[in-house]
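Note that ligands are numbered from 1 as they come in the structure, with each ligand's atoms numbered from 1 the same way. The structure displayed is predicted, hence computed values, not measured ones.
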Amino acid sequence: MTQSLQGIGMTSQRTRDRMVNRLIEQGIRNKKVLDVMRNTPRHIFVDEALASRAYEDTALPIGHNQTISQPYIVARMTELLLKAGHLSKVLEIGTGCGYQTAILAQLADHVYSVERILPLQRKAKGYLWDMKIKNVSFIHNDGGWGWPEYAPFDGILVSAAPPEIPETLLQQMAMGGVMVIPIGEGGRQTLQRVIRSEKGYEAEELESVSFVPFLSGRE
Ligand code: SAH
């Protein structure tokens with residue numbers, strides 16, 4: 001890794017190790033998720049002025065009124081998604097700066113990532129390119145449509161909160177597939193995991209979370 005990817009001082013491997021120790025204390029157990037988060041530089045996904053805060057357990061601004069999700073949330077959602085076992089095709093709604101995308105790309109065969117704000121998508125593409133991550137396809141669109149051309153997906157991860165589960169996304173889940181999604185209005189929502197089986201869809205309500213709203217249309 002080049003020095004900018006590796007980081008120094010507050011962006012070093014030691015700082016990342018401390019972040020992972022905190023994730024373990026917070027109850028994250030999946031070793032693959034912990035290893036990927038230990039080895040993925042989060043500081044390159046935020047503005048240089050915020051790089052020294054990249055490993056704090058907090059959401060940070062990425063422009064356009066959006067935020068990079070808190071490390072705990074990224075770890076938790078990824079761990080919940082891996083319930084399906086090996087992930088071959090994952091649909092991500094809300095690429096944002098691409099940090100969650102980078103984590104998923106190291107755990108799945110291919111990630112299909114949808115973002116409605118074009119400048120954010122462009123930045124994310126650049127960061128993943130710098131990291132030499134190649135198994136991601138990006139589309140600039142309203143994630144409410146999913147990505148029908150590549151459906152069904154065995155994992156769907158949604159990083160913005162709609163008031164209810166979009167029907168289109170349910171239809172794009174594979175049999176045995178898992179969707180992790182925050183549901184609710186205002187700044188407070190409930191994280192849900194939906195599993196699709198022959199019998200239908202089963203939703204579990206997990207914990208309270210705070211995501212930006214799921215908006216329609218493109219910018
Ligand atoms: N996973 C991201 C979090 C980004 S914040 C990360 O690790 O940084 C949520 C993102 O969802 C924002 O970029 C926002 O523009 C996007 N978003 C909100 N509603 C959307 C929709 N309907 N379709 C696609 N993207 C959406």
Polar contact flag for Gln100 and ligand 1 (N/O pairs, less than 3.5 Å)
yes
Best match, Glu115, Arg116, His140, Glu219: closest heavy atom to atom 16 (C) of ligand 1
Glu115
Of all protein heavy atoms, the one nearest atom 11 (O) of ligand 1 is Gly94 CA, 3.2 Å
Can an N or O of Ile62 be found at a distance shorter than 3.5 Å from an N or O of ligand 1?
no
Check if Val74 has a non-hydrogen atom at a distance under 4.0 Å from any atom of ligand 1.
no
Check contact between Thr101 and ligand 1, using heavy atoms of the residue and a distance below 4.0 angstrom.
no
For Arg122, look at atom CZ and say whether over 12 heavy atoms of other residues, nucleotides or ligands are found less than 6.0 Å away.
no
Close-contact set for ligand 1 against Val114 heavy atoms, below 4.0 Å:
24 (C), 25 (N)
Lys/Arg cation over aromatic Trp147: Lys89, 6.0 Å, 45° cone:
no
If you measure from each non-hydrogen atom of Ala160 to ligand 1, which part falls under 4.0 Å: side chain, backbone, both or neither?
side chain
Under 4.0 Å between heavy atoms, the region of Asn141 that gets near ligand 1 turns out to be backbone
Which residue supplies the protein heavy atom nearest to atom 4 (C) of ligand 1, what is that atom called, and how far is it?
Thr67 O, 3.3 Å
Exceeds 12 heavy-atom contacts within 6.0 angstrom, atom CD of Glu149
yes
With Thr101, the side-chain hydrogen bond (donor to acceptor under 3.5 Å, both in side chains) member among Glu92, Lys125, Glu115
Glu92
Proximity of Asp142 to ligand 1 by residue part, where a heavy atom lies under 4.0 Å
both
Is it the side chain (CB and beyond), the backbone, both or neither of Ile68 that lies under 4.0 Å from ligand 1, heavy atoms counted?
both
Crowded around Arg38 CZ? As in, over 12 foreign heavy atoms under 6.0 Å?
yes
Side chains of Gln106 and Asn135: donor-acceptor distance under 3.5 Å anywhere?
no
Should you measure from each heavy atom of Cys97, which atoms of ligand 1 turn up under 4.0 Å away?
8 (O)
Quick check on contacts: which atoms of ligand 1 are under 4.0 angstrom from a heavy atom of Ile117?
15 (O)
Could you tell me which atoms of ligand 1, counted from 1 in the order shown, lie closer than 4.0 angstrom to a heavy atom of Gly96?
4 (C), 13 (O)
At the 4.0 Å heavy-atom cut-off, does Pro213 count as touching ligand 1?
yes
One residue to check: Ser216. Relative to ligand 1, which of side chain, backbone, both or neither has a non-hydrogen atom less than 4.0 Å away?
neither
